[in-house]
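First listed ligand is number 1; within each ligand, the first listed atom is number 1. Numbers here are sequence positions counted from 1.
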Amino acid sequence: MRHRSWAEPWKIKVVEPIRMTTRAERERHIREAGFNTFLIKSEDVYIDLLTDSGTSAMSDRQWAGMMMGDEAYAGSRNYYNLERSVREIYGYEELIPTHQGRGAEHLLSKLLIKPGDHVPGNMYFTTTRLHQELAGGTFHDVIIDEAHDPASEHPFKGNVDLKKLDALVQQVGADKVPYICVAVTVNLAGGQPVSLANLRAVAEYCRPRGIKVMLDATRAVENSWFIQQREPEMRDRTVAEILRMTCDLTDGATMSGKKDSLVNIGGWLGLRDSAIAAKAQNLVVVYEGLHTYGGLAGRDLEAMAIGIRESVEEEYIRSRIGQVYYLGERLQEAGVPIVTPIGGHAVFLDAAAMLPHIPRDQFPAQALAAALYVESGVRAMERGAVSAGRDPVTGENRYPKLELVRLTIPRRVYTQAHMDVVTESVISLFEDRKLVHGLRFAYEPEYLRFFQARFEPVGAPVVLESGAHAGASVDRHFVLNS
Ligand SMILES: *Cc1c(COP(=O)(O)O)cnc(C)c1O
């Protein structure tokens, strides 16, 4: 049979113009942004791969749903539509809407964690861990060792290491472990999936010990696709079936609808235990809004109710992850060091491997993200020591094994041509990588510092000698002395 390419299962109805800037403009923008891509104005970005969070393109059906927003303060019909979607697709009976994922993490942490408790998880996530810590808990990473190795080809690098989990439970006692938070896929490991077999083993370990299993369901749809592709027994199951089997192993979930669910804002806490749900419904009024809107407009609830159903369509999910693989494979072919296997939502550049001349305390991934913007107008973000923050006890910088730059692909937004431009930009930067400088903090905020920190370059600019590019000017360095 002749080879047939597949294409996106949608066509474009509305377009949003984007503008290419000059290198001189971008050098000014990055300096004004304190070398932090989060502080660059969106209009100064050409291709925006900062995040897949809230950046999806909605469908015509979702926009039509927005017009059907029932903006009643209480009992909006859109809440009941969302409840139906969550019950049918995820299987959680009790639904507490929140403005986004961290709102749900806040409620869950406050409800289940007592000061002195310990909360294991398969690699930390920034907001998840912070809410656990603010509630008085201590986070423990129980992910398998392979997750910390950017070159390991393990098919399920997000898996929980049952031995690490058991060692923690033995050490602190099961009564000090209210729940384990299992993230699928694991964002900070590079969008790496968790197998259904592993999640089942976690549930079997936890249930008799009274430890709840809470899912970070943010990218559980994408995880389900990986299970279908890589777990042989699951090959004939639909993504929707696998998602349901995943959730069925858990006691509840926190969800950022801004990822899998194809909306610009929204999240929820899903639970089975009606007594805990009643407490969550009471607490949500304090922090988010009444339990039938949770900080969202009725139209936002409706867009999420529809987006949830679209997110589990097989053709959609194949094209979504297929596009991420397209970019990742082009970079691999060019010899650019990336985290493998390629993840579900992003391609992660291995900044430590690319920039061995920049020491860890000069934040190579932060510097690489800034340099990529100057090179091409492509905006990415750091996932390394800056994101990891400081140890709350010692105040020291945390240095995770992975020092990465994340090229995150928004859903249904960019075309293959955009991915080709990104590929060429990264390759060009890779060839000039010796010109990238380290950075130090000029301003370091207290919480989640990666969002708002400002940096300044360390050392004098390096001058290009080799002429790696024809016509490169002598001041073609990426980080300027200001
Ligand atoms: C984005 C994200 C969250 C937090 O969700 P927000 O909607 O950004 O508040 C939690 N966990 C993971 C894995 C995420 O990627």
Side-chain angles (χ1 to χ4, degrees), residues 38 49-56 82 90 96-110 119-135 139 141 143 147 157-158 160 179-194 199 214-224 226 246 250 252-270 284 287-288 294-296 300-301 303-304 307-308 311 320 324 343-346 348 381-383 387-389 400 402 404 406-411 447-448 450-452:
F38 275 101
L49 307 186
L50 184 71
T51 175
D52 64 331
S53 180
T55 53
S56 299
L82 178 63
Y90 289 87
I96 297 97
T98 57
H99 77 285
Q100 58 186 82
R102 71 197 67 183
E105 292 170 346
H106 180 203
L107 300 178
L108 183 72
S109 302
K110 260 193 143 46
V119 188
N122 51 342
M123 200 172 270
Y124 84 99
F125 184 73
T126 52
T127 57
T128 317
R129 181 176 65 188
L130 180 58
H131 279 300
Q132 292 165 356
E133 289 172 351
L134 290 172
F139 166 81
D141 185 6
I143 203 165
K157 273 168 104 170
V160 172
Y179 64 90
I180 177 172
C181 172
V182 184
V184 299
T185 60
V186 183
N187 192 348
L188 275 99
Q192 301 295 330
V194 174
L199 188 62
M214 290 296 172
L215 197 68
D216 181 338
T218 297
R219 297 184 187 80
V221 176
E222 291 169 6
N223 196 77
S224 301
F226 283 117
T246 302
T250 68
T254 54
M255 178 67 188
S256 171
K258 301 174 69 173
K259 316 318 187 351
D260 266 354
S261 304
L262 297 160
V263 288
N264 305 121
I265 193 72
W268 46 264
L269 173 62
V284 76
Y287 294 106
E288 306 274 322
L296 296 168
D300 299 325
L301 298 167
M304 189 156 53
I308 285 172
S311 73
R320 188 289 183 275
V324 178
H345 66 299
F348 289 72
M381 72 169 288
E382 190 260 12
R383 276 298 183 219
S387 291
L402 300 179
L404 309 175
R406 190 179 75 179
L407 303 169
T408 337
I409 316 298
R411 296 168 183 79
Y447 301 112
L448 303 176
F450 60 96
F451 283 128
Q452 291 151 336

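- The backbone N or O of Asp260 sits nowhere less than 3.5 Å from a side-chain atom of Arg219 that would complete a donor-acceptor pair.
- The shortest contact between atom 10 (C) of ligand 1 and any protein heavy atom is with Glu105 OE2, 3.0 Å.
- Rounded to the nearest 0.5 Å, atoms CG (Leu50) and CE (Met381) are 6.0 Å apart.
- With ligand atoms numbered from 1 in the order given, ligand 1 contributes 15 (O) to contacts under 4.0 Å with heavy atoms of Asn187.
- Asn264 places a side-chain N or O within 3.5 Å of a backbone atom of Ser56 that can act as its donor or acceptor partner.
- Below 3.5 Å of separation, one finds an N or O of Lys259 facing an N or O of ligand 1.
- Under a cutoff of 6.0 Å and an axis angle of 45°, Arg102 and Phe125 do not form a cation-pi pair.
- The protein heavy-atom contact nearest to atom 13 (C) of ligand 1 is Asp216 OD2, 3.3 Å.
- Not a single N or O atom of Phe125, backbone or side chain, sits closer than 3.5 Å to an N or O atom of ligand 1.
- Contacts between Lys258 and ligand 1 below 4.0 angstrom, taking non-hydrogen atoms only, involve the side chain exclusively.
- Given atom 7 (O) of ligand 1, the protein heavy atom at minimum distance is Ser256 OG, 2.6 Å.
- The protein heavy atom nearest to atom 8 (O) of ligand 1 is Arg102 NH2, 3.0 Å.
- In this structure, Asp52 contributes its side chain and Ile409 its backbone to no donor-acceptor pair below 3.5 Å.
- Interface atoms of ligand 1 facing Thr127, defined by a heavy-atom separation under 4.0 Å, are 4 (C).
- In summary, the side chains of His345 and Asn187 do present a donor paired with an acceptor at a separation below 3.5 Å, with no hydrogens or angles considered.
- For the side-chain contact (heavy atoms from CB on, under 4.5 Å) with Met123, the qualifying choice from Val160, Thr128, Ile143 is Ile143, the only one to do so.
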